[in-house]
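Input: a single structure, listed below in structure tokens.
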Amino acid sequence: MRNKKAIKFNSRYPSIEDLRERAKRRIPGFAFDYLDGGCNEEVNLRKNTSKIREVELKPDYLSEYKGFNMETELFGHTYSAPFGIAPVGLQGLMWPNASEILAKASLDYNIPFVLSTVTTMSIERASELTEGRAWFQLYHPAENSVRDNILARAEAAACPVLVLLCDVPTFGFRPKEIRNGLSMPPKMTLNNVLQILGKPNWALQTLKHGQPNFETLRPYMPKNLNLKHLGLFMDKMFSKRMNEEKIAPIRDMWKGKIVLKGVATEADAEKALKLGLDGIIVSNHGGRQLDAGESTIKPMTRIAKKYGDQITVMMDRGIRSGPDVARALASGAAFTFMGRSFMYGVSALGAEGGAHTISLLQTQLQQVMEQLGCSRVSDLPSHLI
Ligand SMILES: Cc1cc2nc3c(=O)[nH]c(=O)nc-3n(C[C@H](O)[C@H](O)[C@H](O)COP(=O)(O)O)c2cc1C
């Protein structure tokens with residue numbers, strides 16, 4: 001399966017940082033803070049990218065080179081690149097229709113798109129836009145009947161991979177969001193209204209597309225839920241702490257692949273393996289949960305070394321370029337995911353943002369592979385110094 005669209009990026013934004021800067025200018029401060037920020041003092045947030053960038057790769061300049069191929073087989077599908085779009089909540093708040101834009105781009109460029117339970121597009125719409133290829137990330141509901149109903153919908157939507165989350169036993173403590181009073185829809189404080197007035201393009205697009213909603217959760221939400229009660233509903237809706245007792249029955253009932261996201265230790269990787277799961281994503285939720293935690297490249301390298309031949313070990317967090325993808329794969333990841341990079345792209349460039357970001361990352365990764373003399377992504381570990 002090849003790209004449906006040619007790789008082509010807008011040369012005015014040749015880096016993810018360019019997109020981030022433009023996103024900051026285009027969207028209201030409360031939406032940018034939600035996307036860009038981390039928890040507590042943001043130590044973990046800052047550390048992730050810098051630790052990845054300590055990884056060094058060696059080129060083979062004089063060896064014969066047979067050309068590059070970055071296609072990567074994952075759970076029975078051959079993707080056009082070794083990276084995918086991580087689940088992100090409230091996408092429509094950051095840019096109207098962001099989930100739809102990214103889902104469509106994932107199909108056009110043949111990379112995985114993971115839908116969050118708490119984003120602004122339904123499972124059914126994600127499936128329609130990706131021709132049944134969207135993965136689904138489940139926040140575990142408190143009531144098993146709701147869990148079963150959501151899983152039945154995901155199965156009916158032909159979702160091939162279910163992603164379970166283990167790194168949100170409690171909501172992250174994020175000072176920026178607390179200050180902004182972030183909720184869905186955002187509280188109309190004077191400060192937030194002023195921020196919206198300062199971003200007319202965002203405001204117009206939001207008017208055009210309508211107020212974003214938790215589309216997957218809509219059937220379980222009481223009608224006319226007011227702002228005051230939304231937080232309460234969300235608190236009651238999910239049972240946050242994941243454990244083996246919750247995963248085992250899901251393994252029994254879900255026929256497709258299951259991936260555990262948020263794994264940070266060898267002990268949890270081993271539990272995932274024993275539970276019969278198909279993959280893990282070593283992740284720290286984008287530096288949004290445990291500020292004192294490790295950056296993901298370190299545990300991923302250890303886990304891949306120990307369990308990489310028994311379970312598919314993937315990684316997200318802090319990846320902001322093609323060279324970063326190469327560094328993660330060379331360190332042992334079978335696949336990578338990015339959350340913010342794609343959301344910066346859409347917030348910066350709207351409908352073009354998904355295609356641009358994927359094209360940019362593919363172009364950068366191709367350049368690294370050619371520079372290294374690396375023909376296949378699976379050969380990247382042999383270039384690790
Ligand atoms: C604004 C935002 C919202 C997120 N929401 C979710 C979510 O609903 N479910 C989930 O599993 N992960 C969520 N994540 C975490 C991402 O899936 C991913 O782990 C993280 O963004 C990777 O780090 P990166 O942003 O540096 O690429 C969110 C991340 C961000 C930045």
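The model shown is predicted, which means the values in this text are computed figures rather than measured ones. Read the numbers this way: they start at 1 and go in the same order the structure lists the ligands and their atoms.
Taking each heavy atom of Lys58 and Leu372 in turn, the nearest pair found is O-CD2, 3.5 Å.
Within a 6.0 Å sphere centred on CD of Gln366, heavy atoms belonging to other residues, nucleotides or ligands number more than 12.
In the hydrophobic clustering of this structure, Met253 groups with Val146; members are Ile, Leu, Val, Met, Phe, Trp, Tyr whose side-chain heavy atoms approach within less than 4.5 Å, directly or through other members.
Close N/O approach between Met94 and ligand 1 is not found [any backbone or side-chain N/O within under 3.5 Å]. For the pair Arg288 and ligand 1, the shortest N or O to N or O distance does not fall below 3.5 Å.
For Asp148 and Asn144, the side-chain atoms include no donor-acceptor pair closer than 3.5 Å. One side chain, Gln371 or Tyr61, offers a donor N or O that lies under 3.5 Å from an acceptor on the other. Thr119 and Gln91 share a side-chain donor-acceptor pair at under 3.5 Å.
Residue Gln289 holds its CD atom at 9.5 Å from OG of Ser283, rounded to the nearest 0.5 Å.
Using a 4.0 Å cut-off to heavy atoms of Leu35, the atoms of ligand 1 that qualify are 1 (C), 31 (C). Close contacts of ligand 1 with Arg320, meaning ligand atoms under 4.0 Å from a residue heavy atom, involve 24 (P), 26 (O), 27 (O). Residue Ala86 has at least one heavy-atom neighbour below 4.0 Å for each of these atoms of ligand 1: 17 (O), 18 (C). Annotation for ligand 1: atoms under 4.0 Å from non-hydrogen atoms of Gln137 are 7 (C), 8 (O), 9 (N), 10 (C), 11 (O). Taking every non-hydrogen atom of Leu165 and a distance limit under 4.0 Å, the qualifying atoms of ligand 1 come out as 11 (O). Using a 4.0 Å cut-off to heavy atoms of Met338, the atoms of ligand 1 that qualify are 27 (O).
Considering only non-hydrogen atoms, atom 17 (O) of ligand 1 lies nearest to Pro87 out of Gly89, Gly339, Pro87, Ser283.
Under 4.0 Å is where a charged nitrogen must lie from a carboxylate oxygen, and between Glu54 and Lys51 at least one such pair does.
When non-hydrogen atoms are compared, ligand 1 lies under 4.0 Å from the backbone of Tyr34 as well as from its side chain.
From the protein, the heavy atom lying nearest to atom 26 (O) of ligand 1 is Arg317 NH1, 2.3 Å. Of the protein's non-hydrogen atoms, Lys261 NZ, 2.9 Å is the one closest to atom 12 (N) of ligand 1.
Within the structure, ligand 1 lacks Met343 among the residues with a heavy atom less than 4.0 angstrom away.
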